[in-house]
Peer 1: 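This structure is in structure tokens; I'll ask about it shortly.
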Amino acid sequence: AQSVTQLDSQVPVFEEAPVELRCNYSSSVSVYLFWYVQYPNQGLQLLLKYLSGSTLVKGINGFEAEFNKSQTSFHLRKPSVHISDTAEYFCAVGMDSNYQLIWGAGTKLIIKP
Amino acid sequence: ETGVTQSPTHLIKTRGQQVTLRCSSQSGHNTVSWYQQALGQGPQFIFQYYREEENGRGNFPPRFSGLQFPNYSSELNVNALELDDSALYLCASSGDPSRETQYFGPGTRLLVL
């Protein structure tokens, strides 16, 4: 069965420092991947997505992610975080067999001043 | 362009009751997916509707049912509510079932007492 693992439930980081949020998946079929952000008491907003082609994808708010098929990973990075990046980040994997999204448990990004 | 809207925003029910949640899809979208997000967890796929037909279902019992209307808005019905049904219910709309991005509404928070 397909699954998504977000290895860190919380990531504390100082403001203006770089951050990496990790996402690994397991699937035996072709996948496509998303990162979504959820601000407190709000719905999910798309940050970026990988469908095919270049493995480095750039998203909104300065975030980027790299798809690594051999390591089945799709880690999210930002070179310099801001207090406004405080939110929960979710990795999701979709499969062409049924177009359902399988979600990780989320990583809370905590920005320290 | 109107985004995805959901109603109500909050709801309190007692065990055994029935509830109906509503979702209006984004303009031009004919596919609606419903997710349950329990506190501290990632979303879990409930089911998807495409052009008024159920197009896939996650691991949820039959007391979770849905409808999609000719204007592509949708309802989620839950019968015989249980305490564990307390969660944020998210609706997402997209174009034809494919690798297209799902756009989420703000959610309905359901509390079952």
Side-chain angles (χ1 to χ4, degrees), chain A residues 1-10 21-25 27 29-53 57 59-60 65 67 74 76 87-108, chain B residues 2-10 21 23-26 29-51 53-60 66 87-109 111:
Chain A
Q2 289 78 12
S3 65
V4 178
T5 302
Q6 291 184 244
L7 296 164
D8 305 297
S9 60
Q10 291 188 46
L21 306 183
R22 295 179 293 171
C23 173
N24 287 85
Y25 68 92
S27 175
V29 299
S30 175
V31 299
Y32 48 100
L33 302 113
F34 301 88
W35 276 99
Y36 280 83
V37 59
Q38 189 173 38
Y39 297 102
N41 300 314
Q42 293 188 28
L44 292 153
Q45 179 183 354
L46 179 71
L47 270 180
L48 49 78
K49 60 185 178 184
Y50 171 79
L51 301 182
S52 63
V57 292
I60 63 170
F67 171 58
F74 190 54
L76 180 71
E88 191 156 19
Y89 293 77
F90 291 91
C91 178
V93 174
M95 292 153 284
D96 289 327
S97 53
N98 58 23
Y99 303 119
Q100 297 177 13
L101 292 183
I102 307 298
W103 296 78
T107 297
K108 288 184 180 170
Chain B
T2 306
V4 180
T5 59
Q6 292 186 244
S7 63
T9 56
H10 296 82
L21 310 182
C23 171
S24 290
S25 58
Q26 188 167 307
H29 287 176
N30 56 24
T31 303
V32 171
S33 303
W34 284 93
Y35 295 87
Q36 180 195 67
Q37 186 179 16
L39 204 59
Q41 297 182 25
Q44 298 287 319
F45 175 75
I46 302 175
F47 43 57
Q48 183 183 82
Y49 279 83
Y50 169 59
R51 295 182 183 264
E53 299 286 331
E54 188 177 288
N55 189 48
R57 188 179 183 91
N59 190 26
F60 279 81
L88 180 67
Y89 287 85
L90 294 163
C91 163
S93 77
S94 57
D96 292 345
S98 65
R99 293 183 165 206
E100 288 194 32
T101 299
Q102 294 186 17
Y103 293 89
F104 283 81
T108 294
R109 189 163 294 282
L111 177 61

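Everything numeric in this text was worked out from a predicted model, so none of it was measured. To find a chain, count down the sequence lines: A is the first, B the second, and so on, and within it residues start at 1.
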Peer 1: Would you give the length of the straight line joining atom OG1 of B:T101 to atom OH of A:Y32, rounded to the nearest 0.5 angstrom?
Peer 2: 9.5 Å
Peer 1: For B:Q6, is it the side chain, the backbone, both or neither that has a heavy atom under 4.5 Å from a heavy atom of chain A?
Peer 2: neither
Peer 1: Count the heavy-atom pairs under 4.5 Å between each of B:G56, B:G107, B:P43 and chain A, then report the option with the highest count.
Peer 2: B:P43
Peer 1: Rounded to the nearest 0.5 Å, what separation is found between the CD atom of B:Q37 and the CH2 atom of A:W103?
Peer 2: 8.5 Å
Peer 1: I need the B:I46 CD1 to A:Q100 CD distance, nearest 0.5 Å.
Peer 2: 11.5 Å
Peer 1: Counting only heavy atoms not in B:L39, do more than 12 sit closer than 6.0 Å to its CG atom?
Peer 2: no
Peer 1: Quick check for you: to the nearest 0.5 Å, what is the distance between B:F45 atom CZ and A:L101 atom CG?
Peer 2: 8.5 Å
Peer 1: Drop me the distance from B:R99's CZ to A:Y50's OH, to the nearest 0.5 angstrom.
Peer 2: 7.5 Å
Peer 1: Where does A:L51 contact chain B at under 4.5 Å (heavy atoms): side chain, backbone, both or neither?
Peer 2: both
Peer 1: Where does A:Q38 contact chain B at under 4.5 Å (heavy atoms): side chain, backbone, both or neither?
Peer 2: side chain
